[in-house]
Amino acid sequence: LAAALRAMIEQRLAFDALVRPIHLRRIETLARQHPALAIVVDHGAKPDIAAGTWQPWADDLAALAALPQVHAKLSGLLTEAGPHAPDDERVRPWAAHVLACFGPQRVLWGSDWPVLELASSYARWWQLSQAVCAPLGAAEREAVFGGNARRVYRLHGGSSRLSAT
């Protein structure tokens, strides 16, 4: 594992951590041991929104966000709310917490499609994400909806102009 992590650091690759809340402290340990390793926490660490289990997820995510090389994907939250979650207001605080912890310069938007379709639609997640990010300035929204992914994953070219279609 150590050799693989060293190789990722040398190649400037990002480590995508598809984890659950129970793993956040381990990811924090990993991040502290390898401060040059860019880490992206996928799906906001898949909090148990359906059960409403806010803690320890909220505090552990905030502690992880204190490390500057760690980023988070704003994705998968409608999926974690359960099939056909009754309203977007149930998910909004969780999405807002991801954004508040990491800030618009370290959040990468994602759709979680096609898995998202088990719980909701792409258009619904797009609209909710846009609403959560509405208070941000144009440059900050561009960062969340494309610029950060291009930077973290070292992608070049293309536009971040996404739509719900």
Side-chain angles (χ1 to χ4, degrees), residues 14-21 24 27-28 31 38-165:
F15 176 76
D16 268 46
L18 181 56
V19 297
R20 294 209 169 267
L24 287 174
I27 295 299
E28 182 182 356
I39 298 173
V40 179
V41 177
D42 289 344
H43 308 313
K46 300 176 75 64
D48 192 352
I49 298 170
T53 309
W54 182 259
Q55 292 296 348
W57 170 80
D59 288 346
D60 290 349
L61 193 73
L64 190 55
L67 302 172
Q69 82 274 27
V70 181
H71 305 74
K73 280 189 188 166
L74 184 61
S75 63
L77 300 180
L78 278 177
T79 306
E80 296 305 315
H84 310 292
D87 64 69
D88 294 343
E89 292 309 311
R90 183 173 183 190
V91 175
R92 186 185 299 259
W94 305 80
H97 186 67
V98 171
L99 187 59
C101 286
F102 288 90
Q105 295 307 314
R106 292 191 295 138
V107 170
L108 295 73
W109 183 83
S111 70
D112 193 28
W113 186 90
V115 177
L116 170 66
E117 296 291 328
L118 296 172
S120 189
S121 69
Y122 180 98
R124 184 172 170 206
W125 175 239
W126 174 257
Q127 292 165 350
L128 176 58
S129 301
Q130 290 292 312
V132 168
C133 293
L136 302 177
E140 292 171 323
R141 284 192 310 274
E142 195 285 325
V144 169
F145 290 99
N148 294 338
R150 285 192 305 274
R151 178 178 45 79
V152 171
Y153 295 121
R154 298 178 27 226
L155 305 172
H156 302 285
S159 171
S160 66
R161 303 235 187 266
L162 304 173
S163 70
T165 58

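None of the values given here were measured: they were computed from a predicted structure.
Identified under the salt bridge (charged side-chain N to carboxylate O under 4.0 Å, His left out) test for residues 130-141, with sequence neighbours left out: none. The side-chain hydrogen bond (donor to acceptor under 3.5 Å, both in side chains) contacts involving residues 60-69 comprise Arg25-Asp60, where partners must be two or more places apart or lie in separate chains.
Side-chain contact check for Leu108 versus Phe145: every heavy-atom pair is 4.5 Å or farther apart. Side-chain atoms of Pro47 and Leu77, non-hydrogen and from C-beta on, do get closer than 4.5 Å to each other. You'll find the side chain of Val41 reaches within 4.5 Å of the side chain of Val19, heavy atoms only. Residues Ile27 and Leu64 have side chains in contact (heavy-atom distance under 4.5 Å, counting atoms from C-beta outward). Looking at heavy atoms from C-beta onward, Leu24 lies in side-chain contact with Trp57 at the 4.5 angstrom threshold. Side-chain atoms of Arg124 and Leu116, non-hydrogen and from C-beta on, never get closer than 4.5 Å to each other.
One finds the CH2 atom of Trp109 at 8.5 Å from the CD atom of Gln130 (value rounded to the nearest 0.5 Å). Atom CG of Asp48 and atom CD of Glu80 lie 7.5 Å apart (nearest 0.5 Å). Separation of atoms OG (Ser111) and CG (Leu78) is listed at 11.0 Å; rounding is to 0.5 Å.
Of the possible donor and acceptor atoms, one in the side chain of Arg151 sits under 3.5 Å from a partner among the backbone N and O of Gln105. Asn148 contributes a side-chain N or O that, together with a main-chain N or O of Val107, makes up a donor-acceptor pair within less than 3.5 Å.
Taking the six-membered ring where the residue is Trp, Tyr122 and Trp126 present parallel rings, their angle staying beneath 30° rather than reaching 60°.
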Could you pull out all donor-acceptor pairs under 3.5 Å where a side-chain atom in residues 91-104 meets a protein atom, sequence neighbours excluded?
| residue | atom | partner | partner atom | Å |
| --- | --- | --- | --- | --- |
| Arg92 | NE | Glu89 | OE1 | 3.3 |
| Arg92 | NE | Glu89 | OE2 | 3.2 |
| Arg92 | NH2 | Glu89 | OE2 | 3.2 |
| Trp94 | NE1 | Arg90 | O | 3.3 |
| His97 | NE2 | Ala58 | O | 2.9 |

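Between Asp16 and Lys73 there is a salt bridge, with a side-chain nitrogen of the basic residue lying less than 4.0 Å from a carboxylate oxygen of the acidic one.
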*Would Arg150 and Glu142 count as a salt bridge (Lys or Arg N to Asp or Glu O under 4.0 Å) if you check the C-alpha gap in whole Å, the side-chain angles of each, and the deciding distance to 0.1 Å?*
CA-CA 11 Å; Arg150 285 192 305 274; Glu142 195 285 325; 2.6 Å; yes
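Taking both residues in full, the closest heavy atoms of Gly110 and Ser75 are given as O-CB, 3.2 Å, listed atom of the first, atom of the second, then distance. Closest non-hydrogen pair, Leu155 versus Ala149, comes out as CD1-O, 4.0 Å.
Residues Thr79 and Asp112 have side chains that bring a donor and an acceptor to within less than 3.5 angstrom of each other.
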